[in-house]
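The shown structure was predicted, so the numbers you read here are calculated from the model rather than taken from an experiment. Chain naming here is simple, since letters A, B, ... match the order of the sequence lines and numbering starts at 1 in each. We use all heavy atoms of the structure for the numbers below, so side chains are in, but hydrogens, waters and symmetry mates are not.
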2 protein chains.
Amino acid sequence: MLTDDAGSAGSTRSRRRPRGSLNQRVILDAAFAVSERGGLDAVTFQALGAELGAHPTAVYRHFRDKDELLLAMIDALHAETLAELPEPTSDWAADLAAIARHMHAVFVRHPAVAAYSYRTARREHEYQMVERVIDCMRRAGLDDRDAARLYRVFSDVSLGYSALDAGLASLDPVTRNADLLSWEIQYRALPPGQYPNIAAIAHALPALDDPDNFTTAVDLMIEAIRGRAAAPRDPNAPRADPAQPQAPW
Amino acid sequence: MLTDDAGSAGSTRSRRRPRGSLNQRVILDAAFAVSERGGLDAVTFQALGAELGAHPTAVYRHFRDKDELLLAMIDALHAETLAELPEPTSDWAADLAAIARHMHAVFVRHPAVAAYSYRTARREHEYQMVERVIDCMRRAGLDDRDAARLYRVFSDVSLGYSALDAGLASLDPVTRNADLLSWEIQYRALPPGQYPNIAAIAHALPALDDPDNFTTAVDLMIEAIRGRAAAPRDPNAPRADPAQPQAPW
DNA sequence: ACCTGAACACCGTTCAAGT
DNA sequence: ACCTGAACACCGTTCAAGT
């Protein structure tokens, strides 16, 4: 005997939601739905209210503020990546490439949120991603110090590059095409006298959004990690003072 | 005989600006001043008006809209990088590292703007940065196709990583410290049974904002570029169809 | 406990009006 | 040509009130 008028007339989303049916999961789904249509800027409390069939400020009962909602959306990206990731194999390099490729794919699929993902989510699924990358680094044969450093660098490069590609993908079509075309046309029209190197290789320039750019970056990182795992550490590199024992974590 | 009341009382920024003294240069300086104090969100037309001693909408005479202003700010970052960059030497690898390091330094110095720099500025100073990076790639001995691809990847990694670090730096102090501390504390408190690899190398984890992270990323890229320049191209890699001649750009 | 209504102090952008 | 004033359709967040 709810005041629910489902099935009758009314605009697309104005169905009234029964009391108590609002929760973080439902709100997150609504936030992604809105962001997919109009970008992250479209994720306003008013839009969420309309999408959910609730009052705009009802969301405040479930997320302290907008930042809290954003961090939950970022963690959802990590969750989606993990869900699609195949089990680790015996090949650390292949596993590392798979992690990066899947993360990139998920980010580009949800560009509006991904463009904001320089924030540390500090949530469960982010921890699990970290765990898997460090696992690869240790299996590569790196010592703790290199494993820790290169985990961080590999993750940051993958994240930063994915965010970059997502940022491009999340632009409104008009702006994005202007950015993309500037590489197809504008750069090839630059005066060769002033820009001789651009002119010389303009014929080979990959598109700004060529997905091979990212995979090449990942390949380069793995090649370099392989080299470092094989080579002995540079004796000139700064070292932790041996008089200070390692902390007992 | 201007209606200028300089020197008398009045609030910090309310000096009235003489007609005709507004231009893109002056507005850009004001925009950076505002963004340095309160982040990019603080760069509103009202704030610009107050900073300039002019009506908020006066800016519209000089920039079509806010996007146009933002792109000009990004190009200003490239200009600042170029201004601080030493002349190229005979060592392409050192030159490449210098370009990346200077760009990163400028980005972290202007974090609010840099966090938005996934946009292609399509302006003079961006062109000059591109020219210099491609120059290094060609001096490394790469053929046109590799020079073009690796220019793009190296630039994107440098840009993406710099934007990531800038994003972290541009957070308000409270939020930033929460993100930073999560690596100092939260990650070391994770259950070792569930996260064995994190636990194993937690003692060696670099800080989220450790500048060596970025330089390590640059070093890895250069090591891999050096490897590719030395090695003959992989014959199994996909190749352009030799029946299709190169476009005559 | 969960949600709504109304209010507050903001935004970017447009457009007619002033000088 | 350059700048101002007023208006429009929005924002996130707070808080008292309803159920």
Cut-off 3.5 Å, no hydrogens considered: what does the side-chain donor-acceptor table look like for residues 24-32 of chain A, sequence neighbours left out?
from  : atom 1 : to    : atom 2 : distance (Å)
A/Q24 : NE2    : A/H62 : O      : 3.1
A/R25 : NH2    : A/D29 : OD1    : 2.9

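In this structure, NZ of B/K66 is placed 17 Å from C1' of C/dT14, rounded to the nearest angstrom. One atom, CZ of A/F45, and another, C1' of C/dA6, lie 17 Å apart when rounded to the nearest Å. The separation between B/L52 atom CG and D/dT4 atom C1' is 15 Å, rounded to whole Å. Here the C1' atom of nucleotide C/dC2 and the CZ atom of A/R19 are 4 Å apart, to the nearest Å. For the pair B/I27 CD1 and D/dC2 P, the interatomic distance rounds to 11 Å; values are reported in whole Å. Atom CG in B/D65 sits about 8 Å away from atom P in C/dT14, given to the nearest Å. Rounded to a whole Å, the CD atom of A/E68 is 16 Å from the P atom of D/dG12. One can place NE2 of A/H55 at 12 Å from C1' of D/dT14, the figure rounded to the nearest angstrom.
The side chain of B/Y60 contributes an N or O atom lying less than 4.0 Å from OP1 or OP2 of C/dT13. The side chain of B/T57 places no N or O atom within less than 4.0 Å of a non-bridging phosphate oxygen (OP1 or OP2) of D/dT4. In terms of phosphate contacts, B/H62 brings a side-chain nitrogen or oxygen within less than 4.0 Å of OP1 or OP2 of D/dC3.
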Salt bridge (charged side-chain N to carboxylate O under 4.0 Å, His left out), that's the test. Do B/D67 and B/R119 meet it? Break it down for me.
CA-CA 10 Å; B/D67 191 57; B/R119 287 299 306 282; 2.8 Å; yes
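Ring-plane geometry between B/Y60 and B/F45 is classed as parallel, the angle between the planes falling under 30 degrees on a 0 to 90 degree scale with a further cut at 60. Ring geometry for A/Y127 versus B/Y195: interplanar angle over 60°, hence perpendicular rather than tilted (30 to 60°).
Toward the 5′ end of DNA chain D lies the nearest nucleotide of A/Q46, the other residue of the pair A/Q46 and A/R61 mapping further downstream.
Within the 4.0 angstrom heavy-atom criterion, only backbone atoms of the sugar-phosphate kind lie near A/V43; the bases stay farther away.
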Secondary-structure string, 5' to 3', Watson-Crick or G-U under 3.5 Å, | for another-strand partners, for DNA chain D:
||.|||||...|||||.||
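The existence of a salt bridge linking B/E68 and B/R123 is confirmed by a sub-4.0 Å separation between a basic side-chain nitrogen and an acidic carboxylate oxygen.
Looking at the side chain of A/A58, the nearest of the listed nucleotides D/dT4, C/dT4, D/dG12 is C/dT4.
No side-chain donor-acceptor contact under 3.5 Å links B/N197 to the backbone of A/V133. Side-chain atoms of B/R176 come within 3.5 Å of backbone N or O of B/L171 as a donor-acceptor pair.
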